[in-house]
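Let me begin by presenting the structure, written as structure tokens, before commenting on it.
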Amino acid sequence: MYHLKNPEGLKGTVSNLNAFIHRDLDTGFSTKWSGIWKPGHKLLDYYAYRVNGIWLDSDNLKAVDYGETITYYFETGSLHIEEKITAPEGLSGVKSSLKIENKLEEKKAVQVALEAGVDIREKSTDIPENNYKVERNKSRVKISRDKSVKITSNQELINAGEPYLKEHFPGERQECIVPGEITARIELDPSETRKIEFNFTSGEASDYRVGDHDNFLEGNMKRSFEASVQSIENLLYDRDGLGIIAGHPWFQNYWARDSFWSVLGLI
């Protein structure tokens, strides 16, 4: 795990057998390769949180931890907020957990508004022509085109505003749909901490589990071996069968060359 106080220009990837998220470690989604993917389909271009009217971004970011997960640390005056991004086994996508601490000695109402830029497309197609279908209720928001994306939370969802198409330029012109504003509300006692979680999922989760491995090495050799195993696991996906993609975020197809190289390492 790396603890960074100046993450500008750095990017991170978190993955499981079903999906991965690739984003800037200073909170941005700066290229068309940023976002949430289910190889080889894009699901989201970006998402962003506004907490009590303040966007969580590089202006109030204090530090970030990066390893198997990404954790952002924000300060917004009366609140300390940690966003942890994970891709748990058994989830067909990515989880974003906001741990919100009330720094005041009085009760604090907290409203978290989520803006999600959904972009369901094949990797090789920037601007598909098919229309979206949006379904919203208190427990989920579902956006469908050829595939579907579901946004769920551990809190009741408040949906406001109409869905709209958005053109933006993360390096190249992209088009996404914002399914209205998605809001969750909680109330914190003095010094209390609570979590608000959002899941971004698509389809069924893989039931395959990566097994444990024996490692009798020590010192730097042990750390190097563990890092190599983790690197292979990060590239392992279960899409019509298990396979190893060539690399995040661009090379999302199974490559026989990389698979055979990996097999040699495993034996």
Side-chain angles (χ1 to χ4, degrees), residues 1-49 51 55-75 80-99 114-119 123 149 151 168 170-172 174 176 195-202 210 223-224 226-237 244-253 258:
M1 182 72 71
Y2 296 94
H3 183 73
L4 306 168
K5 292 188 175 181
N6 182 23
E8 184 178 359
L10 301 177
K11 302 182 187 299
T13 301
V14 175
S15 68
N16 61 16
L17 289 169
N18 306 284
F20 71 87
I21 181 170
H22 181 75
R23 69 178 299 186
D24 302 357
L25 293 183
D26 65 359
T27 75
F29 293 84
S30 61
T31 78
K32 74 172 188 176
W33 298 104
S34 304
I36 299 177
W37 294 82
K38 189 165 188 171
H41 282 79
K42 189 76 173 285
L43 301 178
L44 267 79
D45 279 346
Y46 71 92
Y47 67 87
Y49 293 115
V51 180
W55 290 103
L56 300 185
D57 57 22
S58 57
D59 289 339
N60 41 55
L61 178 70
K62 300 305 177 184
V64 59
D65 289 337
Y66 177 51
E68 294 183 13
T69 63
I70 300 174
T71 303
Y72 296 107
Y73 299 90
F74 301 97
E75 300 288 344
H80 172 74
I81 303 170
E82 298 178 14
E83 182 198 0
K84 187 173 185 178
I85 300 171
T86 59
E89 286 190 7
L91 187 74
S92 61
V94 173
K95 178 187 292 289
S96 170
S97 300
L98 295 173
K99 187 167 73 171
L114 167 67
E115 179 179 314
V118 177
D119 184 10
K123 181 172 70 72
V149 173
I151 301 172
H168 62 131
E172 301 176 42
Q174 301 289 286
C176 61
K195 280 187 178 181
I196 296 180
E197 298 177 347
F198 290 94
N199 294 321
F200 305 92
T201 60
S202 179
V210 177
R223 286 191 290 272
S224 298
E226 294 288 350
S228 297
V229 171
Q230 182 181 334
S231 294
I232 292 177
E233 290 179 352
N234 285 342
L235 298 173
L236 183 65
Y237 288 90
I244 297 172
I245 68 169
H248 298 116
W250 306 279
F251 306 118
Q252 299 178 18
N253 297 323
D258 296 67

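Position 1 is the first residue of the sequence, and the numbers go up from there.
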>> Restricting to ring pair (Phe, Tyr, Trp, His ring centres under 6.0 Å), what partner residues turn up for His168, sequence neighbours left out?
In response: Tyr46
>> Once side-chain contact (heavy atoms from CB on, under 4.5 Å) is applied, do any residues pair with Lys95, and if so which ones, sequence neighbours excluded?
In response: Thr86, Pro88, Leu91, Ser97, Glu197, Asn199
> Who passes side-chain hydrogen bond (donor to acceptor under 3.5 Å, both in side chains) against Glu68, sequence neighbours left out?
Replying inline: none
> Is it true that a side-chain atom of Lys38 and a backbone atom of Ser202 form a donor plus acceptor pair closer than 3.5 Å?
Replying inline: yes
> Taking Lys42 for the side chain and Ser34 for the main chain, is one N or O donor matched with an acceptor at less than 3.5 Å?
Replying inline: yes
> Sequence neighbours excluded, which residues qualify as salt bridge (charged side-chain N to carboxylate O under 4.0 Å, His left out) partners of Glu8?
Replying inline: none
> Residues two or more places apart in sequence or in another chain: which of them pass ring pair (Phe, Tyr, Trp, His ring centres under 6.0 Å) with Tyr49?
Replying inline: Tyr47, Phe198
> Considering residues at least two apart in sequence or located in another chain, which fulfil the salt bridge (charged side-chain N to carboxylate O under 4.0 Å, His left out) criterion with Lys123?
Replying inline: none
>> Show the nearest heavy-atom pair for residues Leu56 and Leu98, with the distance to one decimal.
In response: CD1-CD2, 4.3 Å
> For atom NZ of Lys32, is the number of surrounding heavy atoms from other residues, nucleotides or ligands below 6.0 Å larger than 12?
Replying inline: yes
Would you tabulate the side-chain donor-acceptor contacts of residues 60-67 under 3.5 Å, counting partners in other chains and residues two or more places apart, or write 'none'?
unit_1: Asn60; atom_1: OD1; unit_2: Asp57; atom_2: N; d: 3.2
unit_1: Asn60; atom_1: ND2; unit_2: Trp55; atom_2: O; d: 2.9
unit_1: Asp65; atom_1: OD1; unit_2: His3; atom_2: ND1; d: 2.5
unit_1: Asp65; atom_1: OD2; unit_2: Tyr73; atom_2: OH; d: 2.6
unit_1: Tyr66; atom_1: OH; unit_2: Thr13; atom_2: N; d: 3.0
unit_1: Tyr66; atom_1: OH; unit_2: Thr13; atom_2: O; d: 3.3

>> Which residues pass the side-chain contact (heavy atoms from CB on, under 4.5 Å) test with Lys11, not counting sequence neighbours?
In response: His22, Asp24, Ser30, Thr31
> Does the side chain of Ser96 pick up a donor-acceptor pair with the side chain of Glu83 at under 3.5 Å?
Replying inline: yes
> Donor-acceptor pair, Trp250 side chain versus Ala246 backbone, under 3.5 Å?
Replying inline: no
